[in-house]
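Here's the structure, in structure tokens; my notes come after.
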Amino acid sequence: MNRLNRAIVLGTLALAAQIACAQTTARDAWVRGTVAQQQATGAFMQLTSAQGGKLVSVQSPVAGMAEVHEMAMEGNVMKMRAIPGLDLPAGMTVELKPGGYHVMLMDLKKPLKEGDTVPLTLVVEGKDGKRQKIEVKAPVKALTAN
Ligand SMILES: [Cu+2]
């Protein structure tokens, strides 16, 4: 392969990677800070999937386990519970926020202080069953942030 062909191939690969990454985007991610001994906290963000998909799992090195949660009434009490996936309708922004959908970071390895950055890996499954990983760096906000 000559140099020009190689440049074209590399350029095409880079473009393909960008298109794959643009399918679902995460914006304004943040994580609520914790106090010592606290085992769990929430991560919040806005997700937009161009073609539609489903957030099926989350991983973070700061947490032993991460789940996608929803808030739901159980009797008269608002409780959170894990859901197997969060639907991301095509072209719509789905907001994960306090009091609503959130990523639950559990089994925290250490307290999260304001100013820290928490890496999150989101796994989004497209309509075609293909999975996309989205790397997010979420700043930690104060415990009382909304
Ligand atoms: Cu939760």
Please name the pair of heavy atoms, one in G52 and one in S49, separated by the smallest distance, quoted to 0.1 Å.
N-OG, 3.0 Å
What is the minimum heavy-atom distance between T41 and G33, and which atoms define it?
OG1-O, 4.2 Å
Side-chain heavy-atom pair P139, V118 within 4.5 angstrom cut-off
no
Using the test side-chain hydrogen bond (donor to acceptor under 3.5 Å, both in side chains), find all partners of E95 that sit at least two apart in sequence or belong to another chain.
none
Are M104 and M78 linked, directly or through intermediate hydrophobic residues, by side-chain heavy-atom contacts shorter than 4.5 Å (ILVMFWY only)?
yes
So the salt bridge (charged side-chain N to carboxylate O under 4.0 Å, His left out) pairs with at least one residue in residues 31-44 (sequence neighbours excluded) are none
Looking at R81 and E70, is there a salt bridge between them, counting it only when a charged N and a carboxylate O are closer than 4.0 Å?
yes
Considering residues, nucleotides and ligands other than Q37, do more than 12 of their heavy atoms fall under 6.0 Å from its CD?
no
State, to 0.1 Å, how close V103 and A66 come at their nearest heavy-atom pair, and which atoms those are.
CG1-CB, 4.5 Å
May I ask you to check whether Q59 and T121 show a side-chain donor-acceptor distance below 3.5 Å?
no
So does E125 pair up with R131, basic N to acidic O under 4.0 Å?
yes
Do T24 and I134 come close enough that some side-chain heavy atom pair is under 4.5 Å?
yes
Decide yes or no for Q38 and L143: does some side-chain heavy atom of the first lie under 4.5 Å from some side-chain heavy atom of the second?
yes
When every non-hydrogen atom of L122 is compared with those of A26, the smallest separation belongs to CD1-CB, 4.1 Å
Tell me whether V124 is reachable from I83 by hopping between hydrophobic residues (I, L, V, M, F, W, Y) whose side-chain heavy atoms are closer than 4.5 Å.
yes
To the nearest 0.5 Å, what is the distance between CG on L86 and CG on L47?
7.0 Å
What distance do D87 atom CG and L55 atom CG have between them, rounded to the nearest 0.5 Å?
10.0 Å
Residue pairs involving residues 86-132 (criterion ring-ring contact (aromatic ring centres under 6.0 Å, His included); sequence neighbours excluded)
H69-H102
For a quick test of reading the model, state the closest non-hydrogen atom pair linking A63 to L108 and the distance between them.
CB-CD2, 4.2 Å
Above 12 or not: heavy atoms from other molecules or residues under 6.0 Å from NZ of K97?
no
Which value, rounded to the nearest 0.5 Å, describes the distance between K54 atom NZ and L88 atom CG?
9.5 Å
Looking only at heavy atoms, the pair that brings S60 and P119 closest together is OG-O, 2.8 Å
Between the CD atom in Q51 and the NZ atom in K127, the distance rounded to the nearest 0.5 Å is 9.0 Å
